[in-house]
Amino acid sequence: MLQTPTDPQTTTSLLTATGITAGYGKQRVLSDVSLHVAAGEVVGVLGHNGAGKTTLLKTLIRMVPLTSGEIEFQGRSVSRTSSVKMVRQGMSITPATTPIFRDLKVSQNLELGASGVTDRTEVRRRMDEVFEIFPILGDRRESIAGRFSGGQQRQLSLGIALMAHPKLMLLDEPSLGISPAVVETTFKIIKDLARERDMSVLIVEQNVKAITSIVDRVYVLRNGAIVLEETGAEAQQREIWWDLF
Amino acid sequence: MDLNLFAQLTVSGIVVGSTYALLGVSFGVIYATTRIFHLAHAVAYAGAAYGAVWASEALGLPFGLALLFGLATGVVLGVLIEIVFYRPMRKRNATLLTIFLVSLGISVAFPNLLQIVFGPDNKTLPRPDNPTYELGSVTISRQDVIAVLVAWALIAAVATFIVKTRFGRSVTAMRTNPTMAEAVGIDGNRVYTVVFVIGSFLIAVAGLLFTTRGVATPTMGLQPTLTGFIAAFLGGIGSQWGAALGGLALGLLSSWSALYLQVDYGPVVVFGAMFLVLLIRPQGLLGKAAA
């Protein structure tokens, strides 16, 4: 029996997915997945390789078409909305691999993060905000992004996402390719950003220790289906995960 | 070596190479961004030429307006191919090979369509005055000078647009990381439309430059498209100046080969040079190696 510590009907849900099924062509990856993210909440999705975590994020932001089910964002159905419009409406996604534009400068990467913003003064203001959070990006704003270390690239990817002033950030394995010390710092920044900006975050991860330390709730995805939902506190107490994976 | 002949061949090579450079940038900007092997690019080349001829003959437009009409025809045809054929195929997750086969089909069908509508005879535009200038032992015509200036002005404009403007950086974003581009909300279809406008515009200009001196024939577009493809790969995919350099190198090599070989050997020299360059630098002259 699936445990459900929170009820989307009783919280202010920013994102609600109900019974979504999705995949690529005839290959079904997600089966009857339901989840929700409340405003200001940090939610984790854990699962092994191939569980459907990345597909879940891409489906939520409408990069992967729905076969069935319903997605609501800010109280409106977005099941037929394009990914471009989803970004404009306040959802951002940071891919797990190559989440930056390697050939472009840091400042140009950040500028692209604000693709929907036409006012150049506003773009510069948002860029300054990002430089306050990640000073290294400000120091190296004219550097080519591809020359950055893994950790710096990850910071840049978060900066790109923040440029859109998202209400909900979808992060795909932000710990991938960076050292444990940088993972800890990065996750703390994510948690602080969510609190300070009243921004929601949905993170998919394989790094159980890192994710359970910052999330309010966590889902476990196995073979394209949600098999567990519990609070972050409960997840931190859990000693054995592999039976769930 | 006959230095006078060498000088004349160099100037001729620059003239021809400048058009090749234009073709290289036109093919390269579309291929680099969309990864579509756009063989139907030939449609914009021939379409521009026939559009101008039709505007001149049937509508009686003066030379300049006929050229503008031809230019518009080439651009519209190029963009229509993207919107009517390629875009729906991408939406249905068609492979690049399947899209290439459709492109091949269009490039085969279009000359037949031209032949049905306009007949098999060669078509010509009114010939503007074309005086020649003597620079020592070298002779160059006014149209040659115009062709070189127009080609490099357009190449510089496109390169500047891609590098210096915000939309140009969206094009680079789509070229280098389409997944991330979609993630930040860049409208891929809009970017594709714009690169088809740019690419089709450039090849339409090349088609008109050719037709003002030569003749329009239904099959005239294929050879320039292939030349553009070679120039783009020789110079480096993703680099406008690389593609331009590739085109210029092709023109010069082709011309210089006449110093020692019969004219028929020109294409052999060109393909041989391309093979050698790509053997040593698979990414092309100015292209970046894959990370």
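Values reported hereafter were calculated over all heavy atoms of this structure, with side chains retained and with hydrogens, waters and symmetry mates removed. In what follows, chains are A, B, ... by sequence order, proteins preceding strands, each numbered from 1.
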- Quick one: what part of B/Asn93 sits under 4.5 Å from any heavy atom of chain A, side chain, backbone, both or neither? neither

- Item | Considering all heavy atoms, the nearest A/Ser115-B/Ile186 contact | OG-CG1, 3.5 Å

- Counting only heavy atoms not in A/Lys58, do more than 12 sit closer than 6.0 Å to its NZ atom? no

- Message: Quick one, A/Gln108 and B/Arg166 - any side-chain contact, counting heavy atoms below 4.5 Å?
- Response: no

- Task: Ignoring hydrogens and angles, tell me if any N or O in the side chain of B/Asn177 forms a donor-acceptor pair with the backbone of A/Arg102 under 3.5 Å.
- Result: no

- Message: On a heavy-atom basis, which atom in B/Thr179 and which in A/Met63 lie closest, and how many Å separate them?
- Response: O-CE, 3.9 Å

- Query: Is it the side chain or the backbone of A/Leu104 that comes within 4.5 Å of chain B heavy atoms, both, or neither?
  - Reply: side chain

- Task: Could you look at A/Thr97 and say if it's the side chain, the backbone, both or neither that has a heavy atom under 4.5 Å from chain B?
- Result: neither

- Note on the structure: Nearest heavy-atom contact between B/Ala173 and A/Phe101 is CB-CE2, 3.4 Å

- Message: Please find the pair of heavy atoms, one from A/Ser83 and one from B/Glu182, that lie closest to each other, and give the distance.
- Response: OG-OE2, 2.9 Å

- Query: Is a donor on one side and an acceptor on the other found under 3.5 Å between the side chain of A/Arg88 and the backbone of B/Gly185?
  - Reply: yes

- Task: Under 4.5 Å, counting heavy-atom pairs only, tell me which of A/Asn109, A/Leu170, A/Thr98, A/Ile61 racks up the most with chain B.
- Result: A/Thr98

- What part of B/Thr172 lies closer than 4.5 angstrom to a heavy atom of chain A: side chain, backbone, both or neither? side chain

- Heavy-atom pair with the smallest gap, counting every atom of B/Ala183 and A/Val87: O-CG2, 3.5 Å

- Can you find a heavy atom in the side chain of B/Met180 that is under 4.5 Å from one in the side chain of A/Ile160? yes

